[in-house]
Structure formats: structure tokens, C-alpha cells
Amino acid sequence: MLVGVAFAIIWMKDLLSISMLSGIYGLLSASFFVAMDAVDVAFTEASVGAGVSTLLMLVAITMTGRSEHPVRHKPLLALAVVFVTGSLLVYGTWDMPYFGSAEAPIHQHVAPRYINDSMQEIGVPNIVTSVLASYRAFDTFGEVVVIFTAGIGVLALLSVVRRQEDIEKIDSFNNSMHEQHLVLRIVAKMLIPFIMLFAFYVQFHGDFGPGGGFQAGVIFAAAIFLYTMLFGMSTAYRVINQSFMQILAASGVLLYGSVGVISLLNGKEFFDYSVLSSNPVTGQHWGIFLVELGVGLTVASVMVIIFFNFAGRSENSPPPVSKDS
Amino acid sequence: MLLGHYNYWIVIVLMMIGFYIVIAHGNLIKKIVGLSIFQTSVFIFYISMAKIDGGTAPILAEGIEQYSNPLPHVLILTAIVVGIATTALGLALAVRIKEAYGSIEEEEIQNKDNLDC
Amino acid sequence: MLIHLPVLQVIIPLLAAPLCLFLTKPRLVWLFALIVSGLAFLISGLLLQQVMTSGTIIYDLGGWDAPWGIEYRIDRLNAFLLLIISSISTIVLIAADTSIRKEIPADHHVLFYILYLLSLAGMLGIVATGDAFNVFVFLEISSLSAYALIALGKDRRALWASYQYLIMGTIGATFILIGIGLMYQMTGTLNMEDLSKRLPEVSQTRTVFTAFAFLIVGICLKLAMFPLHLWLPNAYAYAPSIVTAFFAATATKVAIYLLIRFTITVFGLSFSFTHFPLQLLFVVLGLVGIFVASTVAIYQTNVKHLFAYSSIAQIGYMIVGFSMTTMAGMTATLLHLFNHALMKSALFLALGAVMYRIGTTKLTHFQGLGRQMPLTLAAIVIGGLSLIGVPLTVGFVSKWYLVMAAIENGWWPVAALILLGSLLAVVYVWRIVEMAYFKPALAGTETIKEAPLSFLIPIWTLILANIYFGIDTRLSVQVAQAASMSLFGVTP
């Protein structure tokens, strides 16, 4: 199925259907991840691959136009490169351990400790959470910084300075358009609190089941997207202040980092959570809680920043093509 | 014997489709779609190797002996985030390029640049 | 606090970046970024000293020991790299405030410094870590901020250059990710030290062979090694001048570091060079890279483009030294890493000063500039001489060691070709000198003044360093030798 969708993407010329298909691709791979026992990953892929990235593509397409020009040059070189790379990979699979085999080296080294000892060392049933937020907390910190970087990058590329009259103009336009959506608006108003509640549940339940800061952040952001789409940008602007979101994104990173700094100040290694409480396992709980909160905060606010800047760009008519030297 | 690797081969086909879209197509948005397919396929590859026959999701519970390997899951969670970050930035660039050049086709942009020089 | 230096090295700029958002005043943020970068410089100096006297430092993040947690492992090689990156970053930042006021709209200044610090932290993180996957994460931090920084350039072509870099860079990173995954699959570990112990057992498998191939291609894409260099010239030419000065001196060096780290430390010399035809491949590509890129450089009409192509040629020299697989060759490569960082940051900063005064770096606009901006142009000339490899400059030192290493290997033709390559550098540097000193000034340019002090101080600091390390080579050679010794497992 995945292969079918991927081939369809090659032949399609209409960018709108391509982005829809890529959403389907994300959703399919998410269900594949569930079959492979990777529930946390599936959760994330479903919200990111099928949700956020499709949404961003759709917004981008509204600004860039839908259709792709046919390829004029012969893609022989590209085919050759792809063929060589692909055959190298197939060649590499020859000596791989078989799919699903329990004897494979990755199941013999490093991972057994996570499976056998994480309960005593960290006390959290979800091993993925333990590894993510404690054993390899620094990678996850890097991940939060990556998403923060993306937020700042999008801001640097797309942010537009808004004038008051612009907002009013958009306002009147929005009001006329959105009156038709009365039913939708009411349904949404009822739904949004539940979505947010669900986000909080995912945020704080990551220790036990699939979920955690990242997924929660995306869901929370989705609630705000929904609000924005139905009530218009300017209403959303009034409720959610842009620079406030930036501060929030920065605080998420800082919250995460400060947990590490506390360990340092207590003479332990960076991100050693045992300093947070007299009992090391409770310390781990606190550490994971704070760190996940930092992740959630940054992810939600960066998603909102990215979305607002994309959408804000498309509502404002783009500035005339500037021809600089 | 052959069946032992068929899963990886399908993943490789997916990767190469994504890779092909990135290098052979001229449309900037489509390139980014290709890139995300390429990356997602690499994720599938990582997750495939974590699977153990008869294992379950790595959430500790009573009475379960065999768990799938949690480490690749963690790595891929991180990699997914990196992927969306790249996609967002790439799309933002595509939007700006459209505004500056009036096109998102590679050839047209190259032509306009050559005229400038 | 001294035992925490390895992590502080990375974490200070990393945490400083979001803090910038709270400061809001661009001037203040600049000062803050400068202090932070200076602090990183100080730390890297202390680290190098510590490593030189007492050997490798290991730091377990989160208090989890190595293969389970992530460790930082600072040896002579990466301590040297950390010093190069943080020192260049600090010196270049001095000129940032003046330069970006001309080149970047005012409301983006704070964002610029945040991205700059993130990319600094990303590079430091890549170099400091001893975990293969952590490399990927920090690689993406530095790359994403790099794409955004390049796109801040004034010209619309900056956007296009940044987009191309994004595509190439992401393909490279994904290749590296595939390589790491395959390595992990065969060994079950991500820690570099642990990998180097476990890889020999499985080194005959096709999977490890493929893993190695993917890692090398991915790194070479990031490295802009000929023929994978296509993203580099435009990215350097259209990025804001400060960004170019910083990246030209550091970004490709980080990729060279990764290449050395993976081929020698992780896979081991015997695997990389006997099981895999890396030597022949790299010598040939390195030499072809030197000649093609130098020749293309000669025909450039924009000086930024000219020096960008020259960078690709210089990468060729480093690759040639690396592929000799001897200690002398490695020493030469490491020396050139340091020396080239000094030259290129000085040259691109000087171009930034030219950009500041006349708003372009087209070669035709250099006419008569030697009289109007004497100090800046003198810096370009000295930097250019260093690039050629004239005695009393650092360029000579690294060429000397490189040629010596080639002769030691009995590679006479290679030594001759390296010298021939320098002749091409003479040609492209001469074109600038001719324009600036032997052509009359353009009409209407009488008002052009010398660059402001905030440019001249960092430029001349770097130029003096070029001359100082060209005469007194003890420090740089000693460190480079110690680093290559530890790489080859010889105790000094």
C-alpha cells in the first residue's frame, strides 16, 4: 500500500493531491508502526506526518500555486543514482539479521538493560519514556532545540510586521465569510476544550502509556489551529499574542535545560535527575515530568508560531516581487 | 531464506522512490514531499529492525516476557521531530522563493538567475 | 566546576540562544552573544590544556555510563577542533553588529544572533560528543540554523542557495542516518568507543560495508567535497557576510572532523583503507577537486564566489593529506584545518568590510580600492598570500607539511601536483591585486572610506594570527602532532 501511494506521488502533477497523498502516506506508516509495536512512534507519526506536515503543505500551496510543470529533461542520471544507491542498500541487507529475529545484535547489547533494569532505576513502565527522557535525555534536549531552531528559522523567513489597518481589513473580510460557519463554530467551541484536555492527558500520562510532551504539544497546537481556521486569524491574534508564544517556546527549552543546570549545581552530571529528590527513583520521576513539560511547551508554541506565520503570510497579500541587485 | 529480508527490501524501494522525487523533480514543494517520504522510509527501516517476533510494545506489564527493542523507537521519535522541522523550514523557503521569483520551478529560477548575472 | 567543562562548552551557547529572546534589544543581544562565545572560547582553551596534560576526558551525561547513556569524550583531536570553532566564532562576532545593520532588516537582528548561537552550539556539540546518534541531532541543529542564516542574505538568490543547501544537506543527513542505523543493527550500540570495539567482529559483512559507504557519502555531501560541492559557492556568496566568514572557517572543518572520526576512530584504519578503496578514491578526488575548483575560481566575477571555490580547492588539500593514512599526512591535514580557518575567516571578513562600504563584492568594483580602503585590501593581500602558501604565513606551514608528508610516502607526483595547485591560487589572488592596485578608481567612488574599526580589529587580529602562526609554529604543530598521534594510537 505504501509503495502504491509513493508511486502515485511520483506521477501526480497536482500538488494539492500530492500533499493529501503524503498525508495518507504518513497515516499508513503510522499504522505500520503500530504493527511493529512502536506505539509511541506511531502516535507521533500520525500527528506529524498525517497532521501538521500536511497542513503546512496545504497552506504553502495556497501561496505557491497548485500545479507542477512537467519535467522536461530526461531523468536518466537521477534514475542511475537512485538505482546505484538502492542496489547498494539491497547488497547491504544480505548479511543483515533476519527480520523479527530475537538473536540480532541489537537485542543482545545495550537494549536488555533498558528492558530489565529501567523499572528499578527509573520506575516508569513505558520504557520508551525512560530511555527518551532519562538515559538519552541529551538527545531529546537536542530535539527540543531543533524544533526551537525551526521556529526561529520560520520566524526569520516569514514574519511580517502587521499594521493595525491590515488587521481591520482582514477582520471585516473574515466576519462576512465566517458567518456561514455557525454550526461548525459551535461544534468547535464544544470540541476545543476536550482536545485540550486530551492534550493534558497525553502530556502527563506518558509515563504509563504511549504519549508524552511532544505528542501533547502537537495536539494542543491542533486545538489552536482549529480555532484559528474557524474564527479567523485576527480573532486568534487577539487571543494569542505572537511575542508571548516566542517567550513560551524559549521557556520550554530553558525549563528543560535548567533541570540539567540544577544537576550541575549539585555537583552531579548534566541531566542527572537523582539530585531532584532524596530518593533517586522519585528524582527520576520529577526529572522526567519537568523535562516532558519543557518539551510540550516548546513544541506547542513553536507549532503555533510556524502555523501563524505561514497563515499570516497567505492572508496578507504578498509584497510585490522585489528585484534587488 | 529470502523471506527473511523482504521487509527491508520494500523499505528500500520506498526510500528510493522518495530519493528519486527529490533529485529528479523540479518543483520545490514536490521535492520537499519527496524528502519527507525518503525520511519516513528510513524511520520505517529503523522500526523494522526493532521488531521481535512474538514481542509486544515496550511498555512493562505483568506476564510479558518478550518486548520489542525500545531504543530505535526513541531514536525515531527524535528523528521525526527533526523531519518536521526540516519540512517546515523548507516550505517557508519555498514560499519566500515564490514571492521573490514568482515561480517554484527549479528551471525557471535558474533561468532568472542566469539573466541577472 | 572544572569537571563539567565538556558539557558547559556546548550547553552555554545552547541555553544562551533562547535567553536572547528575553533581551529584545539588538545591541544588548550582540553583546550577550559575544560574551557567550568568548566564554566558550575560554572553556575550549582550558579543555585543550587539560587534555594535553592529562589525556582524554570522559563525561557521562545524565550520570548513565557509556553505552547506555550518551557520553562526551574529549581527546586531543576534538579539543583542537573546539578551540578552532569557538575562537573564530568569537572574533567574527566582533564585527557582527556593524555588518548586519547594513545587511539585515532591523527586526531580524535578534533572530540572527539566536540562530548564530544555535549553529555555534550545534557545531560544538557534533565535535564534543562520543555518541553516533547524538552527532546526527546536533548536525541538524547546526544545519537548520545554517539554512535560516543563509536565507537572511539580502539578495533573493540567498533564498535559492539556502533551499538548495537544505535539500543537499538533508539528503546528506539522511544518508548519515542510514549509515548509523546499519551500524547499530550489526553491533547493537551507538557509542563510538563501543562501536570501534564491536565493529571488527562483523567487519567482513556486507551490511557494515554499506553502512560505511553511506556514512562517507553523507559526510562528503556536508563537506562539499568535489564533486558533491555544488551547494557551497552560492550559499557562501549570498549569505550575510558575517555568516560566510563564520561558516567558511568552521562548517566544512566540522565535516572533516566527522570524516576523520568515523574512518579512523570508529571503523579503524585497516577497515577504512584496506577493505574499502578509500585511499585511491580520496587522493584522486582530492587532487581533481584542487584543480577544477581553483580553475573555476579564476573565472569568477564575484570575489565571494572566487573565495568560495578556493575553499573547495582547500578542502581538496585536506582530503589529500588525510588519504595518506600516515601520521605526517594527518598532522598536515589538521594543521591546514586550523590555518585555513584563520585565512578564510580573515578574507571573508575583509569582504564583509568591502560589502559594508560599497555594497557589493563584484570584482569590477574593486578597481582602485587599494587606495581607498588600504588596510582592508592589505588584509586581503596578506590573506591571499597565505592562501597561496608564501613563506612567513600559515599557508606555507601547512603546504610544507603536506608536501613533506607526500614525499615521505614516496608520492612524488602528488607532491608536485600540490605545488602546481598553488600556482593556480597565484592567478586568482593576482586578479584581485591587479584590480585593486593597478586600475584607476571608478568615477564617483572618491567618497569611499576605510572600513570602521569594528571591522578592522577582528580582520587584523586574524591576519596577525596568520603571520604569527606562520613564523612561530611550535604551538599549532605541537597540538596537531599530538592529535594525530592519539588518533593513530601512538603515545607521545
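In what follows, chains carry the letters A, B, and so on, assigned in the order in which the sequence lines appear, proteins first and then strands, with residues in each chain numbered from 1. We use all heavy atoms of the structure for the numbers below, so side chains are in, but hydrogens, waters and symmetry mates are not.
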S.K.: Give the C-alpha distance, both sets of side-chain angles, the deciding distance and a yes or no for side-chain contact (heavy atoms from CB on, under 4.5 Å) between B/Val82 and A/Glu143.
M.R.: CA-CA 7 Å; B/Val82 171; A/Glu143 163 195 327; 5.8 Å; no
S.K.: Between A/Val41, A/Asp37, A/Val128, who has the most heavy-atom pairs with chain B when the cutoff is under 4.5 Å?
M.R.: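 Between A/Val41, A/Asp37, A/Val128, the count favours A/Asp37.
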S.K.: Can you say whether B/Thr87 sits under 4.5 Å from chain A via the side chain, the backbone, both, or neither, judging by heavy atoms?
M.R.: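 Side chain of B/Thr87 only, per the 4.5 Å heavy-atom cut-off to chain A.
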S.K.: Could you grab the distance from atom CD1 of B/Ile32 to atom OG of A/Ser19, nearest 0.5 Å is fine?
M.R.: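 It comes to 12.0 Å.
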S.K.: Do you know which two heavy atoms are closest between B/Ala92 and A/Phe310, and how far apart they sit?
M.R.: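 Minimum heavy-atom contact is N-CZ, 3.4 Å.
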S.K.: Is there a donor-acceptor pair closer than 3.5 Å between any side-chain N or O of A/Asp40 and the backbone N or O of B/Leu77?
M.R.: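 Looks like no, no N/O pair under 3.5 Å.
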S.K.: If we define contacts as heavy-atom pairs under 4.5 Å, which of A/Val299, A/Val34, A/Ile115 has the most with chain B?
M.R.: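 Among A/Val299, A/Val34, A/Ile115, the one with the most close pairs to chain B is A/Ile115.
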S.K.: Given heavy-atom pairs under 4.5 angstrom as the criterion, report whether the side chain, backbone, both or neither of B/Leu75 touches chain A.
M.R.: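 Side chain only.
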S.K.: Find the distance between CG (B/Leu89) and CG (A/Leu56) and round it off to the nearest 0.5 Å.
M.R.: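 One finds 11.5 Å between CG of B/Leu89 and CG of A/Leu56.
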S.K.: Examine whether an atom of B/Ala88 lies under 4.5 Å from a heavy atom of chain A, and if so say whether it belongs to the side chain, the backbone or both; otherwise answer neither.
M.R.: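 Contact with chain A: backbone and side chain both.
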S.K.: So for B/Ile104, is it side chain, backbone, both, or neither that comes closer than 4.5 Å to the heavy atoms of chain A?
M.R.: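 Looking at B/Ile104, just its side chain touches chain A.
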S.K.: Can you tell me how far the OG atom of A/Ser22 sits from the NZ atom of B/Lys30, to the nearest 0.5 Å?
M.R.: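 Here the interatomic distance stands at 11.5 Å.
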S.K.: Do B/Val11 and A/Phe32 make a side-chain contact, defined as non-hydrogen atoms from C-beta onward lying under 4.5 Å apart?
M.R.: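 Heavy-atom side-chain distance check fails, nothing below 4.5 Å.
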S.K.: Contact part of B/Phe45 toward chain A, heavy-atom cut-off under 4.5 Å: side chain, backbone, both or neither?
M.R.: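 The answer is the side chain of B/Phe45.
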S.K.: What option among A/Thr93, A/Val154, A/Val146 has the most heavy-atom pairs under 4.5 Å with chain B?
M.R.: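 Counting heavy-atom pairs under 4.5 Å, the top option is A/Thr93.
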S.K.: Please examine the side chains of A/Val59 and B/Leu91, heavy atoms only from C-beta on, and report whether any two atoms are closer than 4.5 Å.
M.R.: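 No; the side chains remain at least 4.5 Å from each other.
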S.K.: Please classify the contact between A/Val110 and chain B as side chain, backbone, both or neither, with a heavy-atom cut-off of under 4.5 Å.
M.R.: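 The answer is the side chain of A/Val110.
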S.K.: Look up atom CD in B/Glu99 and atom CG in A/Leu158, then write down how far apart they are to the nearest 0.5 Å.
M.R.: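 Spacing of CD (B/Glu99) from CG (A/Leu158) equals 7.5 Å.
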S.K.: Do A/Ile106 and B/Leu71 have side-chain heavy atoms sitting under 4.5 Å apart?
M.R.: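 The answer is no, as the side chains (C-beta and beyond) never meet within the 4.5 Å cut-off.
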S.K.: Within residues 132-142 of chain A, which residues come under 4.5 Å of chain B, heavy atom to heavy atom?
M.R.: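 When heavy atoms of chain B are the reference, residues 132-142 of chain A contributes A/Leu132, A/Arg136, A/Asp139 within the under-4.5 Å range.
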S.K.: Taking the side chain as every heavy atom from C-beta outward, state whether A/Thr85 and B/Met15 have any atom pair closer than 4.5 Å.
M.R.: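 No. Closest side-chain heavy atoms not under 4.5 Å.
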S.K.: Please report the shortest heavy-atom distance between B/Arg96 and A/Ala156, naming the atom on each side.
M.R.: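 Taking every non-hydrogen atom into account, NH1-O, 4.4 Å.
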S.K.: Could you tell me the separation between the CD1 atom of B/Ile76 and the CE atom of A/Met36, rounded to the nearest 0.5 Å?
M.R.: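 Nearest 0.5 Å value for the CD1-CE distance: 14.0 Å.
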S.K.: Counting only heavy atoms not in A/Phe83, do more than 12 sit closer than 6.0 Å to its CZ atom?
M.R.: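 Counting neighbours around CZ of A/Phe83, 12 or fewer heavy atoms of other residues, nucleotides or ligands fall under 6.0 Å, so no.
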S.K.: Return the NE2 to CE distance between A/His107 and B/Met49, rounded to the nearest 0.5 Å.
M.R.: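 That separation rounds to 9.0 Å.
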S.K.: Does some side-chain heavy atom of B/Ile44 sit less than 4.5 Å from a side-chain heavy atom of A/Phe33?
M.R.: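 A side-chain contact under 4.5 Å exists here.
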S.K.: Which one wins on heavy-atom pair count under 4.5 Å against chain B: A/Val218, A/Leu89, A/Val52?
M.R.: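 Ranked by heavy-atom pairs under 4.5 Å with chain B, first place is A/Leu89.
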